[in-house]
Structure formats: structure tokens, C-alpha cells
Amino acid sequence: MRPLVLGLWSGLTFQTRQMTRSVDSYFALVGAPFHTVVFLSMVLYSGRTDLASYTVIAPTLMTLWTAALMFSGEMISEDRENGRLEPLVASPLSFPALVFGRLCGAMLISVPAFVLAIGVAGVFFGHWVTVHHPVVFVLAAVTTALSTAATATALSALFIVAPGARIVQNTLSMPMFLLSGVMVPVALFPGWLEGLSRVLYLSWGADLMRDALAPGPVESAAFRLAMVVLLGALALAFGSATLVRFLRRARAEGTLSRV
Amino acid sequence: MCALEITQLRRVYRRRGGEESEALRGIDLEVTRGEVHGLLGPNGAGKTTLCKIISTVLLPTSGTVRVLGHDVVTDSARVKESLGIVFGGDKGAYDRLTARQNLAFWAGAYGLTGARRRRRVDELLERVGLKGRAEERVGSFSRGMKQRLHLARGLVRDPGVLILDEPTVGMDPVAAHDFRALVGELRGNGTTILMTTHDMAEAAALSDRVSLIDQGRLVLTESPDTVGRLVSSYERVDAGNVPDPLRERLAAMPGVVSVRRVGRAVTRVETDDPDATLAVLRELVEAGIGDVSRSTPDLEEVYLHLVGRRGMAVDG
Ligand SMILES: Nc1ncnc2c1ncn2[C@@H]1O[C@H](COP(=O)(O)OP(=O)(O)OP(=O)(O)O)[C@@H](O)[C@H]1O
Ligand SMILES: [Mg+2]
């Protein structure tokens with residue numbers, strides 16, 4: 001228990017501190033206001049103000065996922081190349097928990113993204129978003145962010161055991177945005193594709209966040225929250241198990257410090 | 001109970017081509033609590049390998065290592081709680097963070113929080129002489145400054161056992177001197193220390209016992225003094241500015257084994273019995289040479305004697 005707490009807490013505090021100190025952390029953020037401008041212009045031009053909620057949720061979630069990809073790809077290999085993996089593994093904290101904690105910290109970058117998106121929509125278009133179901137919204141946002149961190153943990157594990165996979169790292173953003181209905185409602189997809197997208201935690205999270213903004217009642221919120229959490233938990237379990245196996249093998253082969 | 005208990009420890013590395021190399025070939029070593037143990041040996045002897053196995057970041061191929069009674073493989077969580085580790089070199093820090101933030105991170109990783117953590121970080125910065133540079137990013141630090149930071153990291157939690165792998169690499173003489181004082185202080189607190197080094201003087205000055213390791217085997221483990229006496233029964237006399245004719249005369253005396261220059265102006269005479277030593281001393285004084293000293297071999301000579309004068313060649 002102690003190693004988990006140490007790992008989570010160290011990771012979270014470390015990442016937030018590290019992010020505020022390095023410019024490239026903000027790259028994931030830059031797109032958000034522009035995306036809002038593009039999406040909202042299209043929505044307003046076509047007269048579909050009912051879709052306006054997409055235009056603030058989409059940039060927020062895109063920032064979230066971009067950050068997940070960006071940080072998960074480099075995190076562990078950077079530690080290894082800089083000779084930090086050994087002292088980290090030698091310390092009492094749990095390494096998978098540290099990675100998850102750091103990625104949770106990285107998710108905080110979506111908070112300013114959300115604020116920017118809302119601000120741009122309000123200030124430039126006079127379209128102020130109201131959150132009709134604040135409790136559901138906050139719960140959906142938090143669980144979605146946690147599940148994103150969990151999925152990023154799984155990705156980081158994948159990238160360190162199969163470095164070749166990092167080639168696809170940057171191509172993973174568009175498919176994810178589309179498949180999970182961040183940009184286009186999943187309900188518009190053909191049936192088989194919709195089925196596929198339901199395997200992704202993000203499709204549940206995105207839907208729920210949008211519904212929470214709308215005035216109508218949110219149906220089966222608890223079940224949908226549970227789906228977000230469940231799919232995230234599965235990713236986290238896979239990621240931790242993969243990291244534990246990776247560390248064990250690296251300790252056996254003496255490759256913990258080699259690049 | 002032993003602080004470190006190493007039994008029949010072997011470690012085999014598999015290289016890229018699939019060929020195997022045996023870095024440790026059956027090491028047996030016990031280090032008692034509170035002991036400062038120096039580990040000497042040429043490049044590639046297996047010192048770092050041994051340190052890594054003790055630190056739980058490398059698994060042994062066979063044999064066991066216990067730290068304060070806890071097995072490094074089966075009980076690694078306990079081992080991690082009681083170990084402090086300093087790996088040499090200038091890698092291993094978060095370059096974008098300041099020295100203070102780096103230490104705060106590691107203190108957190110070892111379970112310190114809040115005011116206790118702040119106090120500890122302050123204390124350590126002071127102790128390793130980085131207080132004035134605490135708010136600077138570590139990326140801009142010199143090698144020696146990074147090394148001091150590593151040292152501070154190894155001490156974040158008052159470890160029962162401290163593993164130091166070439167802790168003074170890159171440190172200037174003043175820092176190295178401070179480091180020695182620090183080790184003395186830690187010894188006073190009862191910390192057990194295993195320290196690898198290439199600096200014989202450092203090992204002799206700091207260690208209660210030293211081990212020589214060569215090609216994955218312990219060649220011997222003794223106190224620095226005993227090692228000095230073990231190596232030979234020779235005595236030696238060092239003298240400054242000995243003219244050539246006198247040198248030839250000394251070389252011809254009975255009991256004199258060798259006469260050679262060791263420094264620019266220093267001649268070293270080795271004898272194999274005390275009477276010869278006295279005769280040599282008398283001869284030198286009568287010739288009016290005042291700069292004369294008598295000594296026994298030091299650790300460095302022992303080292304050269306035992307691992308041979310292999311020069312720059314590293315074992316394959
Ligand atoms: N990760 C590794 N993979 C393969 N071989 C290794 C690895 N690490 C060390 N070795 C080999 O094991 C042997 C012992 O290396 P080690 O680093 O333990 O020596 P050392 O005594 O610390 O040397 P130095 O004084 O140069 O630091 C060497 O032959 C080295 O090539
Ligand atoms: Mg070494």
C-alpha cells in the first residue's frame with residue numbers, strides 16, 4: 001500500500017511542477033482555442049446550435065488525449081536515458097504508480113484547455129456555455145481524465161516494451177478522436193463502428209460530458225460513469241502488469257540503465 | 001547481525017551476440033554493522049555490478065545477498081526502505097528542476113512529507129555545500145555539483161546501509177575532503193557503508209576494511225594496514241636528490257633489492273631485511289642527504305602487486 005501511495009503522490013506533485021517549468025508542456029494546450037473557433041464557426045454557420053456543446057468538449061478532450069500521447073511516449077525512455085530508472089526502481093515507491101500519478105498530473109493540462117474553450121466561445125461568439133448538470137459533469141470529467149491517465153499508462157508500458165510502437169504514437173490521435181465520438185457523434189456511425197467505439201472509455205466519457213451540459217435529463221448516468229471507470233481500470237491493470245513484467249526482465253537482463 | 005551478507009554471488013551478463021560474460025564469480029563477503037568497507041578493483045572488475053545487485057536494480061544469477069537480514073530478491077521492499085544509494089556519474093537528476101526540487105522529489109519518494117521534508121532538504125543542501133545554488137536548475141550544474149546532489153539523494157532518509165559507487169568522481173579536492181568528513185560523521189552515527197573507489201588514499205583513509213575485487217572474484221578482504229603488511233616483507237627508504245654514484249653504491253649493498261626513481265628527484269631503495277635498511281639510512285645520512293624517509297608499502301602498491309601491472313588493458 002505504501003509504495004502505491006508514495007508513487008501516486010510523488011508522480012502527481014512532480015508532474016505538475018515539471019509541467020509549469022517547461023514550455024513544451026503547453027503545446028498540447030495551444031490547439032484548444034483554435035479548435036473551438038473552427039468547430040463553433042461550423043456549428044453556428046449551419047444553424048445547429050444544439051451541437052454547440054461539442055465545440056467546448058471536443059477541444060478539451062482532444063487536449064487531454066494529446067497530452068496522454070505526448071507524455072506517455074517519452075516518460076519512461078527519458079528516465080532510462082537519463083539514468084533515473086535505476087534510482088527510481090531502487091526507491092521504495094511503486095514505479096507503475098509513479099507513472100500513473102505523473103500521467104494524472106499531466107491531465108490537469110485539460111483544465112486550462114476547458115477554460116480557454118469556454119472563454120473563446122463566450123467572448124468571441126457570445127455563446128456562453130451553461131452546465132445544466134454540474135455534479136454529473138464534474139464526475140464525468142474527473143473519471144474521464146483518470147481513465148485517460150490509465151490508458152496512457154498502458155500506452156507508456158507498450159512503448160517501453162515495444163519501442164517500435166512509438167512510430168504510430170502520433171498517428172493515434174485522429175483515429176481516437178473519431179472513434180470515440182469526440183468530434184462527431186458516435187450515433188452517426190454505422191452500427192459495427194459504433195459497437196467498436198463503445199469499447200473505448202472516451203466515447204462514454206465524451207457522451208456523458210456533453211449530456212451533462214444539455215438541459216434535458218441525463219439517462220443512466222451511474223451506469224455510464226461505471227463504464228468509464230471500468231474501461232479505465234482495465235487499461236490500468238494491463239499497464240501496471242506490463243510495467244512490472246518489463247522491470248523484472250530489465251533487472252534480470254541488466255538493461256535498466258542501458259539506452 | 002550483519003549489515004551485508006553476500007554468499008556465493010554470481011552474475012552472468014548475456015551480451016548482444018548471445019555470448020555470456022561472468023561479471024561476478026562467487027563473491028562471499030560479510031560487512032558488519034557500522035563498518036565502512038572499501039571496494040577496490042580495476043575497470044570491469046565487477047564493482048558496479050555488485051552495488052547494483054545490493055540495490056535491488058539487478059538480479060543475481062545465483063547466490064544470495066541480505067541487507068540487514070532481508071533478501072534483496074524476495075524481500076526487496078524492505079531492502080529499499082533501509083538502503084541509501086549513490087551511483088557515480090553526472091546522470092540521474094531531473095535537469096529541468098532545481099537542486100531543491102530534485103531533492104524534494106526524492107525525499108517524497110522515500111516517504112518524507114511536509115515540514116519534515118523541507119527541513120531534511122535544507123539540511124542536506126547545506127551538508128553537501130549546495131545551499132547557495134539550491135534554486136538553480138540542475139541542468140546547468142557541473143559534474144562535481146551533480147555528484148554532490150547524488151550524495152544528498154542517497155542520504156534523504158538516514159539509511160542504515162549506504163552504497164556508494166565512486167562517490168567522489170568529478171569532485172574537486174575540497175569537495176572530496178568534505179566528503180571524507182561526511183563519511184566520518186556517518187560512521188559516527190552507525191551507518192554501514194560500502195564504497196567503491198579507484199582512489200587508494202581515499203579507501204585507506206576511510207575504510208575499516210577494504211576488499212580487492214578482480215575479474216569478478218574477491219582477491220582479499222583485510223584492514224588497510226594489514227593489507228600493506230601482507231603484500232611483502234620489503235621495507236623501503238625514499239630519499240631526495242641522490243647523486244648517481246651513490247645510487248650505484250646503494251644498489252651494490254647486501255640486502256638491497258632494488259633502487260629506482262619514483263618521482264623527479266626521489267629515489268626509492270627497497271630492502272629485504274631491517275639491517276640493510278639501517279645500513280642504507282646510514283649511508284645516505286653520511287653522504288649529507290637530509291631528505292630521507294622510511295615507510296612500508298601502501299594500499300596502492302598492494303593493489304598493483306595483486307592485480308598486476310596490467311596497464312590500460314581491460315579484461316574481456
Ligand atoms: N548491463 C550490462 N550488460 C552486459 N555486460 C555488462 C553490463 N554491465 C556490466 N557488464 C560487464 O560486466 C563486467 C563488470 O562491470 P562493472 O561495471 O561491474 O565493473 P566495475 O568494477 O564497476 O568497473 P569500473 O571501475 O570501470 O566502474 C564488465 O566486463 C562489463 O563489461
Ligand atoms: Mg563501476
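Throughout, protein chains are lettered first and strands after them, A, B, ... in sequence-line order, and every chain is numbered starting at 1.
The candidate from A/Gly11, A/Gly7, A/Pro87, A/Pro3 with the greatest count of non-hydrogen atom pairs under 4.5 Å with chain B is A/Pro87. Of the listed residues (A/Ser91, A/Ala250, A/Ser10), the one with the most heavy-atom contacts under 4.5 Å to chain B is A/Ser91. Ranked by non-hydrogen atom pairs under 4.5 Å with chain A, the options B/Ile53, B/Thr49, B/Asp95, B/Leu97 are led by B/Leu97. Contact count versus chain B (heavy atoms, under 4.5 Å) is highest, among A/Glu78, A/Arg17, A/Arg251, A/Gln18, for A/Arg251. Each of B/Val86, B/Leu59, B/Val12 has some count of heavy-atom pairs under 4.5 Å with chain A, and the biggest count is that of B/Leu59.
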| request: Using the ring-ring contact (aromatic ring centres under 6.0 Å, His included) rule, take A/Phe114 and A/Phe137 through it: C-alpha gap first, then chi angles, then the decisive distance, then the call. | output: CA-CA 12 Å; A/Phe114 183 61; A/Phe137 183 80; 5.4 Å; yes
| said: Please determine whether salt bridge (charged side-chain N to carboxylate O under 4.0 Å, His left out) holds for the pair B/Glu123 and B/Arg120, giving the CA-CA distance in whole Å, both sets of side-chain angles, and the decisive distance to 0.1 Å. | reply: CA-CA 5 Å; B/Glu123 224 170 83; B/Arg120 186 74 186 144; 2.5 Å; yes
| query | Run the side chain to side chain contact (heavy atoms under 4.5 Å, CB included) check on A/Thr60 and A/Leu116 step by step: do they pass? | reply | CA-CA 9 Å; A/Thr60 309; A/Leu116 276 174; over 6 Å; no
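Only the side chain of A/Arg2 comes within less than 4.5 Å of a heavy atom of chain B; its backbone N, CA, C and O stay farther away. In this structure, chain A has heavy atoms under 4.5 Å from both the backbone and the side chain of B/Ala109. Within the 4.5 angstrom heavy-atom criterion, only side-chain atoms of A/Leu98, from C-beta onward, approach chain B. For chain A, the nearby parts of B/Tyr110 are the backbone and the side chain; heavy atoms of each come within less than 4.5 Å. Interface remark: B/Leu58 contributes backbone and side-chain atoms alike to the contact with chain A (heavy atom separation under 4.5 Å). B/Arg11 touches chain A through its side chain: at least one heavy atom from C-beta onward sits under 4.5 Å away, while N, CA, C and O do not.
Using modelled atom types and a 3.5 Å distance limit, the side chains of B/Tyr13 and B/Thr61 yield no donor-acceptor pair. No hydrogens or angles considered: nothing links the side chains of B/Ser82 and B/His70 as a donor-acceptor pair under 3.5 Å. A side-chain donor-acceptor contact under 3.5 Å links A/Thr148 and A/Tyr201.
For A/Asn82 (side chain) and A/Arg84 (main-chain N/O), no donor-acceptor pair under 3.5 Å exists by modelled atom type. Between the B/Glu20 side chain and the B/Arg15 main chain, no donor and acceptor come within less than 3.5 Å of each other.
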